Protein chains: 2
Amino acid sequence: MSTSDPERSYHHGDLRTALVAAALEQLEAGGEAALSLRAVARACGVSAMAPYRHFAGKEDLLEAVAASGFEALAVSLEAADASAEGAQALAAQGVAYVTFACRHPALFRLMFMGPGCKADRSQAYAILERRAAALAGPRMSAGDLTLAAWSLVHGLAALILDRRVLLEGEAAEDAARRITLAFAQLAAGG
Amino acid sequence: MSTSDPERSYHHGDLRTALVAAALEQLEAGGEAALSLRAVARACGVSAMAPYRHFAGKEDLLEAVAASGFEALAVSLEAADASAEGAQALAAQGVAYVTFACRHPALFRLMFMGPGCKADRSQAYAILERRAAALAGPRMSAGDLTLAAWSLVHGLAALILDRRVLLEGEAAEDAARRITLAFAQLAAGG
DNA sequence: ATCGGATGTTGACACTGTACACAACCTGCC
DNA sequence: GGCAGGTTGTGTACAGTGTCAACATCCGAT
């Protein structure tokens with residue numbers, strides 16, 4: 001009840017981080033539509049206007065959440081890439097991409113379909129590009145191959161998330177494995 | 001001013017259609033976020049509650065808009081498919097898909113990323129499947145090939161729309177042409 | 001002519017995002 | 001110590017949203 005109680009102190013301590021975490025939580029719980037800035041503030045035990053001291057507005061907060069998502073995605077891709085060589089590594093990245101999307105559907109949607117969302121995608125992109133360029137054959141340029149690979153896994157993830165194609169859990173990852181591998185081998189001229 | 005004036009008559013005449021049209025207009029103008037049911041009603045010169053006589057709620061109206069989008073997409077795909085043969089036809093469908101997405105970005109997003117959105121995709125899917133199955137070779141099953149082809153163009157469209165990849169107008173269609181054609185030829189074992 | 005169902009209207013409620021003015025707190029200086 | 005000033009959080013307020021309930025109006029069948 002006094003200033004020694006951190007729970008009740010006037011200043012939160014690390015509101016910015018807490019807001020991002022709470023927003024992510026609400027996002028995963030009910031999708032972007034069910035995410036209100038006021039509710040996020042409430043979850044942090046803070047007034048509705050407090051977030052404005054750390055973010056320009058709702059959109060800005062969502063962008064921060066998306067940015068944290070891109071970091072996590074990059075880590076996943078890096079790990080997957082390191083787990084194999086050549087076409088297998090490219091396929092592993094594809095599976096990791098789809099897996100990430102399936103495990104964090106709302107976050108994934110926010111990252112890519114968010115409003116404006118200038119969040120930095122370059123890191124994740126670089127990991128893919130490095131591997132794809134190494135596999136480019138006479139059929140496709142390195143640029144086209146990279147774009148095609150990304151489109152393939154991104155589209156697959158999007159279709160699965162939006163229930164456009166009915167693949168659940170394991171089945172989704174299996175399909176991703178088969179398709180990305182077939183693509184990688186074809187593209188590599190194998 | 002009297003009942004003979006259709007503009008001012010109590011009953012609208014064909015509100016349902018007018019609402020869908022107005023919603024589509026607002027959607028294309030400002031994206032899904034900037035689409036309010038009240039504004040749509042206002043645009044139709046009708047009170048805020050009138051739409052509820054024709055739709056269960058906002059979501060239901062959006063679903064109707066999405067459904068009309070799927071019909072338009074199916075028409076585009078059918079025309080593209082008829083314009084060529086074999087792998088070329090598959091590539092043409094891919095280009096048409098991306099072109100549709102670029103020309104109606106908000107509608108495309110709504111169709112695929114809308115809330116729940118059980119709108120019927122099967123017609124558009126059937127057109128793609130028919131062509132893809134005919135090209136299936138020893139490398140990939142017909143099912144995988146269809147899924148891969150769809151994922152490829154859907155992902156490409158999504159990445160372009162969300163500015164994940166910077167392709168404007170002509171460049172987008174060119175990329176779609178190159179990539180889908182390369183993919184179709186590879187998959188066909190050419 | 002009238003009755004009933006379809007269609008539209010008005011008013012209200014609980015929300016939302018956000019602007020403005022104020023309060024509490026921390027930090028560096030004297 | 002005490003006191004300025006900037007940072008962070010609060011309260012109130014406003015316009016706008018989706019939706020509910022009760023009421024008004026109109027069209028078509030009887």
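Every chain is numbered from 1, with letters handed out A, B, ... down the list of sequences. Bear in mind that the values here come from a model prediction, so they are computed numbers and not experimental data.
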Point to revise | salt_bridge(B/Arg109, B/Asp162) N-O dist < 4.0 Å | key: yes
Exercise for review: Could you state the atom-to-atom distance from NZ of B/Lys58 to P of D/dC20 in whole Å?
Suggested key: 15 Å
Point to revise | Partner residues of A/Ala148 under the side-chain contact (heavy atoms from CB on, under 4.5 Å) criterion, sequence neighbours left out | key: A/Met140, A/Phe183, B/Leu152, B/Ile179
Compile the donor-acceptor pairs under 3.5 Å between side chains in residues 167-175 of chain A and protein atoms, sequence neighbours left out, one pair per line.
none

Check your understanding: Taking atom P of C/dT9 as reference, at what distance in whole Å does atom CG of B/Leu37 sit?
Key -> 13 Å
Point to revise | Spacing between B/Glu32 atom CD and D/dG18 atom P, to the nearest angstrom | key: 12 Å
Review point. On DNA chain D, nearest-nucleotide positions of B/Ala56 versus A/Gly13: which is more 5'?
Key: A/Gly13
Review point. Residues two or more places apart in sequence or in another chain: which of them pass ring-ring contact (aromatic ring centres under 6.0 Å, His included) with A/Phe100?
Key: A/His104
Check your understanding: With respect to the side chain of B/Ala50, which nucleotide from C/dT18, D/dG9, C/dT9 is positioned closest?
Key -> C/dT9
Study note, to complete from the structure: B/Glu59 atom CD is separated from D/dT17 atom P, nearest whole Å, by 18 Å
Check your understanding: Taking only residues two or more places apart in sequence or in another chain, which ones pass ring-ring contact (aromatic ring centres under 6.0 Å, His included) with B/Phe108?
Key -> B/Tyr97, B/Phe112, B/His154
Point to revise | salt bridge (charged side-chain N to carboxylate O under 4.0 Å, His left out): pairs with one or both residues in residues 35-57 of chain B, sequence neighbours excluded | key: none
Exercise for review: Round to a whole Å and report the spacing from OH of B/Tyr52 to C1' of D/dC20.
Suggested key: 9 Å
Exercise for review: Could you tell me which residues satisfy salt bridge (Lys or Arg N to Asp or Glu O under 4.0 Å) with B/Asp81, sequence neighbours excluded, listed by chain and number?
Suggested key: B/Arg130, B/Arg131
Revision key, fill the gap. From CG of B/Leu61 across to P of D/dT19 the rounded distance in Å is 10 Å
**Study point:** Candidate nucleotides C/dT16, C/dG8, D/dG9, ranked by approach to the side chain of A/His54 - the nearest
**Key:** D/dG9
Review point. Between B/Asp60 (CG) and D/dT19 (C1'), how many Å, whole number?
Key: 14 Å
Check your understanding: Looking across every strand, which nucleic acid part, if any, lies under 4.0 Å from B/Arg42 by heavy atom: base, sugar-phosphate, or nothing?
Key -> sugar-phosphate
Nucleotides 11-15 of chain D: which of its N/O atoms have a protein N/O under 3.5 Å away?
none

Practice item. Please name all residues satisfying side-chain hydrogen bond (donor to acceptor under 3.5 Å, both in side chains) with B/Thr17, sequence neighbours left out, ordered by chain then number. Key: B/Asp14
Point to revise | Stems involving DNA chain D, each a run of at least 3 consecutive Watson-Crick or G-U pairs under 3.5 Å | key: C:1-30 with D:1-30
Practice item. Please tell me which of the listed nucleotides, C/dT7, D/dG18, C/dT18, lies nearest to the side chain of B/Arg53? Key: C/dT7
Point to revise | Path from A/Leu147 to A/Ile127 over hydrophobic side-chain contacts below 4.5 Å | key: yes
Practice item. May I have the distance from B/Arg16 (atom CZ) to C/dT7 (atom P), rounded to whole angstrom? Key: 11 Å
